[in-house]
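What follows is a short report on a single structure.
Keep in mind the model is a prediction, meaning the values are calculated, not measured.
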Amino acid sequence: MSGSPPSRKKVEYILFDMDGLMIDSEKIYTIATNEVLGKYGKEMTWDMKAGCMGKPEKEAGIHTLSFFPDIPITVDEFLVERNRIQDSLWPTVPLLPGIRKLVYHLKKHDIPMAVATSSRRRNFEMKTAHLQDVFSLFDGKVVCGDDKQYQMKGKPAPDIFLVTAATFLGRNVGKPEEVPEAEQVEEREKGLVFEDALPGMQAGKRAGMSVIWVPDPNLLKLNHQTEETPDQVLASVEEFKPEEWGLPPYNN
């Protein structure tokens with residue numbers, strides 16, 4: 001197969017979410033959260049977890065505790081304890097299937113790429129320190145959710161994808177708070193976002209980019225009603241075919 005199907009735009013740059021997309025961190029979030037909640041006889045279910053995915057840390061913590069108003073713990077106390085458990089587990093988090101192959105392939109063919117993650121900078125560094133064979137290939141082109149210099153709204157707002165494309169890939173995509181000009185709309189359409197979380201998928205579409213959604217199977221079982229629709233849904237990044245998006249195929 002060669003070229004791009006008519007229904008898909010030829011892309012020129014790639015933006016990756018990280019948690020649950022590049023690394024299997026969602027499992028660790030679940031373990032740590034339920035260890036804290038378990039002290040009070042509670043447990044986070046998948047429908048609760050779905051509302052946390054892709055959101056900044058504080059917002060996700062507020063969402064989680066909103067289901068347990070009888071627990072005598074503040075959001076800050078909850079996050080401190082949960083983070084303590086997570087920090088001990090981050091050095092064990094593995095890459096998800098297909099990520100190493102894809103990142104190496106994009107690097108080999110000089111396809112511009114960057115990471116746009118809601119994760120805090122300190123957490124990003126802890127999660128990726130043992131995975132530098134892959135993350136070093138981004139050459140520091142990473143925007144984190146707590147990078148205050150960019151004054152971003154969290155996902156599902158499009159800010160992080162637009163900021164990342166403009167700041168690190170030099171794309172003329174305009175600013176999140178401004179109505180884009182025609183050439184900026186065209187530049188946005190050249191971007192392809194990989195996301196696993198629903199708010200992240202929405203953010204990518206609101207940024208005017210194509211989005212490949214790679215959700216956890218448990219997430220697909222839930223009833224989602226959003227205006228945004230992903231351009232492609234994959235069970236794993238392993239299923240991605242670069243040539244469908246105008247990129248060099250894997251055998252090149």
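Atom CZ of R206 and atom CG of L162 lie 12.5 Å apart (nearest 0.5 Å). Taking CD1 of I99 as the start and CG of L21 as the end, the distance is 5.5 Å to the nearest 0.5 Å. In this structure, CD in Q86 is found 9.0 Å from CG in L79, a value given to the nearest 0.5 Å. In this structure, CZ on F124 lies 11.5 Å from CG on D146, to the nearest 0.5 angstrom. The CG atom of L192 lies 10.0 Å from the CE atom of M209; values are rounded to the nearest 0.5 Å.
Contact annotation: the side chain of M22 approaches that of F135 to within less than 4.5 Å [non-hydrogen atoms, C-beta and beyond]. Side-chain contact check for T229 versus K205: every heavy-atom pair is 4.5 Å or farther apart. Inter-residue side-chain proximity for R100 and D133 is flagged as met; some heavy-atom pair is nearer than 4.5 Å. Taking the side chain as every heavy atom from C-beta outward, Q184 and N172 approach each other to under 4.5 Å.
A side-chain donor from one of N83 and E57 sits under 3.5 Å from a side-chain acceptor of the other.
A salt bridge is defined here as a Lys NZ or Arg NE, NH1 or NH2 lying under 4.0 Å from an Asp or Glu carboxylate O, and K127 with D19 meets this definition. In this structure, K9 does not pair ionically with D231, as no charged nitrogen and carboxylate oxygen lie closer than 4.0 Å. Of the charged side-chain nitrogens involved, at least one lies within less than 4.0 Å of a carboxylate oxygen, so that E187 and K190 count as a salt-bridged pair. For R122 and D87, the salt-bridge test passes: some basic side-chain N is under 4.0 Å from an acidic carboxylate O.
Within a 6.0 Å radius of CD in E183, more than 12 heavy atoms belonging to other residues, nucleotides or ligands are found. No more than 12 heavy atoms of other residues, nucleotides or ligands shown are found within 6.0 angstrom of CD on E227.
For K58, the salt bridge (charged side-chain N to carboxylate O under 4.0 Å, His left out) partners at least two apart in sequence or on another chain are D76. The salt bridge (charged side-chain N to carboxylate O under 4.0 Å, His left out) search around K141 returns none, not counting sequence neighbours. Residues that satisfy the salt bridge (charged side-chain N to carboxylate O under 4.0 Å, His left out) test with K39, not counting sequence neighbours, are E81. Applying the side chain to side chain contact (heavy atoms under 4.5 Å, CB included) criterion to K175, with sequence neighbours excluded, gives E177, E178. Residues passing the salt bridge (charged side-chain N to carboxylate O under 4.0 Å, His left out) test with D147 are R121, sequence neighbours excluded.
E77 contributes no side-chain N or O that, together with a main-chain N or O of I73, makes up a donor-acceptor pair within less than 3.5 Å. In this structure, D24 contributes its side chain and P94 its backbone to no donor-acceptor pair below 3.5 Å. One N or O on the side chain of W213 and one on the backbone of D196 form a donor-acceptor pair closer than 3.5 Å. In this structure a side-chain-to-backbone donor-acceptor pair under 3.5 Å is present from S88 to I85. Checked by atom type and distance alone, the side chain of R188 pairs as donor or acceptor with a backbone atom of V173 at under 3.5 Å. Judged purely by atom type and a 3.5 angstrom limit, Q132 uses its side chain to pair as donor or acceptor with the backbone of T128. A donor-acceptor pair under 3.5 Å links the side-chain atoms of H105 to the main chain of P248, judged by distance alone. Proximity of a side-chain donor or acceptor of T164 to a complementary backbone N or O of F161 within less than 3.5 Å is not detected. With H130 contributing its side chain and V93 its backbone, the two residues share a donor-acceptor pair below 3.5 Å.
Sequence neighbours left out, not one pair with a member in residues 108-118 passes salt bridge (Lys or Arg N to Asp or Glu O under 4.0 Å).
Residue P176 comes nearest to V163 through the heavy atom pair CG-CG2, 4.5 Å, listed as atom of the first residue, atom of the second, then distance. Across all non-hydrogen atoms, the minimal contact from V193 to G204 is CG2-CA, 4.3 Å.
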As a quick check of understanding, evaluate salt bridge (Lys or Arg N to Asp or Glu O under 4.0 Å) for D216 and K49, giving each step before the final call.
CA-CA 11 Å; D216 186 287; K49 181 181 176 66; over 6 Å; no
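Aromatic rings from W90 and Y29 are positioned such that their centres are separated by under 6.0 Å.
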